[in-house]
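This report concerns only the one structure given below.
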Amino acid sequence: MQRILIANRGEIALRIIGTCHDMGIETIAVYSEADRDMPFVKAATKAVCIGEPPVNKSYLQVEKIIAAAKEENVDAVHPGYGFVSENSDFARRIIEAGILFIGPDPETIELMGDKIVSRQTMEKAGVPVVPGSGHGLKTIEEACALAGTIGYPVMLKASGGGGGIGMVLCEDEQALVKSYASTKSRAKTYFGSDEVFIEKYIASARHVEVQVFGDSCGNIVHLFERDCSIQRRHQKVVEESPSPFLSDSVRQKMFQTAIKAAKAVKYKNAGTIEFIVDENENFYFLEMNTRLQVEHPVTEAISGLDLVKWQILVAQGEPLPLLQPEIHSSGHAIEFRLYAEDPVRFLPSPGKITALKWGEEAGVRIDSGYEEGGTVTPFYDPMIAKCIVHGATREESLAKAEAFFKNTHIEGIKTNAPLFLTILANVDFKNGNYTTSFLTKKLVN
């Protein structure tokens, strides 16, 4: 593999470029007019402008991306995460063009992208799923009848949803009736399908995921878990590994279940099995992400592995570099997603970064998409960087993180850095005692 086109932007594009260049692989970046001065554009071997700032006129322009891949005679396309990364039609068309797609088979992306079908697939494989509807709901009457059977509160979800979009918590029947039509409409707008379903809402839940990796030889391994329970608007903000909540016995059982889930769909390349875990450590399949995760550096920190390199090797037909007995976890890692947003209301805060000075702390990795003088535009996700802290113990990692953020200085925009210091000072967080409602119940109210 000599040339790879990266169908993404920001920090993940830079992240992929770094590994490619280490492997002696040339990179082709695609960018919008708003991103022409971004670091990833400068770092690539070559960059191609594919359109205007809005995503539907640039990074979602499948035809333009494929045209650029053909024009530049690339060997493969890496989609990163978000945008077209879980678009099975895009993956299929890349392959039909004689280009390798760095990710799972299009059929797997399609299967796992439909939340209802993925639930059915996991149930058949013997993987526990959250109680809920096994098919798309046709009417509000059907929804209310099922919710009454499984008991409120319930989550109303879009079948094609992701990233927290198309999810509504319904405490009672009145809330379900009120949200039903608008959720279907929102699902149609964002995902092209108005199919919705409901699941039992699990109170005091943890969100724990397992990184899996498969190759074309049939090998599938896990690379441990990540606890992603610190969230706002159903979107992750802080992730860590190992989970401070799981017992070793449940952790091992979760790993085995994740492998079973991946084998059920003959999974290839990087993927993540997400579980919801109740206060008694019962866990249920939530969804499968058929791509590299935003929080993959957490796994890299504890394993010492380069997951993007693994993706490239597997995509070109090579077996996994290591099998399960050879994969080990060391220390404790925590990732903080630094956003250009109000730290209290979580509203985006675009603008020019007039000053950017990172704290100087050993054991901190910074995957940044911006540099001082750069501008965070309103067109895309406002994540500035991911700050990954690794230490011998959780306590050491927390101390390093606190020192790092106290010495990080950003001007020109609001960021959620103050929120991280508040979280790190919280006794419950320090003790590993938190759930998905932590930000709204512990810190906001």
Side-chain angles (χ1 to χ4, degrees), residues 3-21 26-74 76-91 93-94 97 99 101-103 162-163 165 189-192 235 291-292 294 308 337-341 347-354 356 367-386 412-413 415:
R3 286 166 72 85
I4 292 177
L5 181 142
I6 301 160
N8 219 294
R9 65 177 298 278
E11 56 81 24
I12 186 57
L14 264 180
R15 163 74 189 88
I16 297 165
I17 288 169
T19 288
C20 287
H21 289 184
E26 294 184 345
T27 52
I28 308 299
V30 292
Y31 66 95
S32 74
E33 292 170 0
D35 281 347
R36 67 173 62 253
D37 296 321
M38 289 280 283
F40 80 94
V41 176
K42 301 171 187 175
T45 307
K46 184 176 179 180
V48 178
C49 184
I50 54 168
E52 298 172 41
V55 291
N56 62 340
K57 294 185 178 181
S58 53
Y59 296 106
L60 296 182
Q61 283 285 323
V62 169
E63 298 291 345
K64 290 184 178 180
I65 295 171
I66 294 175
K70 290 179 178 178
E71 178 71 22
E72 297 300 328
N73 196 30
V74 302
V77 170
H78 196 309
Y81 48 72
F83 296 140
V84 294
S85 64
E86 292 179 284
N87 182 328
S88 58
D89 181 59
F90 175 74
R93 291 186 60 188
I94 289 293
I99 300 169
F101 178 77
I102 301 177
I165 300 171
T189 299
Y190 278 86
F191 311 113
Q235 292 182 315
R291 53 172 167 75
L292 193 67
V294 178
V308 173
R337 301 191 190 188
L338 186 68
Y339 287 98
E341 68 179 19
L347 296 176
S349 176
K352 185 176 182 178
I353 304 172
T354 56
L356 177 57
D367 282 16
S368 179
Y370 293 85
E371 56 192 6
E372 187 173 281
T375 299
V376 181
T377 70
F379 300 107
Y380 318 112
D381 182 274
M383 187 164 64
I384 302 168
K386 300 180 307 198
I413 55 172
T415 76

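None of the values given here were measured: they were computed from a predicted structure. All heavy atoms count here, side chains included; hydrogens, waters and symmetry mates do not. Sequence positions, counted from 1, serve as the residue numbers for this chain.
Closest non-hydrogen pair, Cys49 versus Ser32, comes out as SG-C, 4.3 Å. Here the shortest heavy-atom pairing between Ala76 and Ile99 reads CA-CG2, 3.5 Å. Heavy atoms only, all atoms of each residue included: Pro350 and Val376 are closest at CB-O, 3.1 Å. Of all non-hydrogen atoms in Tyr370 and Leu356, the two that sit nearest each other are O-CD2, 4.1 Å. Taking each heavy atom of Arg3 and Ile28 in turn, the nearest pair found is NH2-CD1, 3.2 Å.
Within 6.0 Å of CD in Glu71 there are 12 or fewer heavy atoms belonging to other residues, nucleotides or ligands.
Scored by the side-chain contact (heavy atoms from CB on, under 4.5 Å) test, Val294 finds Tyr81, Glu335, Arg337, Met383, Lys386 as partners (sequence neighbours excluded). Take Glu371 and apply the salt bridge (Lys or Arg N to Asp or Glu O under 4.0 Å) test, not counting sequence neighbours, and it matches Lys42.
Leu14 places none of its side-chain heavy atoms less than 4.5 Å from the side chain of Asp367. Under the 4.5 Å side-chain criterion, counting only non-hydrogen atoms from C-beta, Ile384 is in contact with Ile413. You'll find the side chain of Val30 stays beyond 4.5 Å of the side chain of Ile6, heavy atoms only. Using a 4.5 Å heavy-atom cutoff, the side chains of Arg15 and Val308 are in contact. In this structure, Glu72 and Val48 have side chains that are in contact, with non-hydrogen atoms separated by less than 4.5 Å.
Rounding to the nearest 0.5 Å gives a distance of 12.0 Å between CD of Glu33 and OG1 of Thr377. Taking CG of Asp381 as the reference point, atom CZ of Phe83 lies at 8.0 Å (rounded to 0.5 Å). Note that CG of Asn73 is 12.0 Å distant from NZ of Lys70, once rounded to the nearest 0.5 Å. Of the inter-residue distances, the one linking Arg36 atom CZ with Tyr31 atom OH reads 5.0 Å to the nearest 0.5 angstrom. The structure places OG of Ser85 at 10.0 Å from NE2 of His78, a figure rounded to the nearest 0.5 Å. A distance of 7.5 Å separates CD1 of Ile94 from CG of Leu5, quoted to the nearest 0.5 Å.
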Requested in this report: Determine, stepwise, if the pair Val55 / Tyr380 fulfils side-chain contact (heavy atoms from CB on, under 4.5 Å).
Outcome: CA-CA 7 Å; Val55 291; Tyr380 318 112; 3.6 Å; yes
Query raised in the report: Between Ile4 and Ile102, does a side-chain contact (heavy atoms from CB on, under 4.5 Å) hold up when you go through it step by step?
Result: CA-CA 9 Å; Ile4 292 177; Ile102 301 177; 3.9 Å; yes
Query raised in the report: Under the side-chain contact (heavy atoms from CB on, under 4.5 Å) criterion, do Phe40 and Ile16 qualify, and how do the steps go?
Result: CA-CA 10 Å; Phe40 80 94; Ile16 297 165; over 6 Å; no
Requested in this report: Begin with the C-alpha distance, continue with both residues' side-chain angles, and end with the deciding distance and a verdict on side-chain contact (heavy atoms from CB on, under 4.5 Å) for Val62 and Arg93.
Outcome: CA-CA 9 Å; Val62 169; Arg93 291 186 60 188; 4.0 Å; yes
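Contacts classified as side-chain hydrogen bond (donor to acceptor under 3.5 Å, both in side chains) and involving residues 52-61 (residues at least two apart or in different chains) are given here: Asp35-Tyr59.
Within the 3.5 Å criterion, the main-chain N or O of Pro79 finds a donor-acceptor partner in the side chain of Asn8. Distance alone, capped at 3.5 Å, is enough to place a donor-acceptor pair between the Thr27 side chain and the Thr45 backbone.
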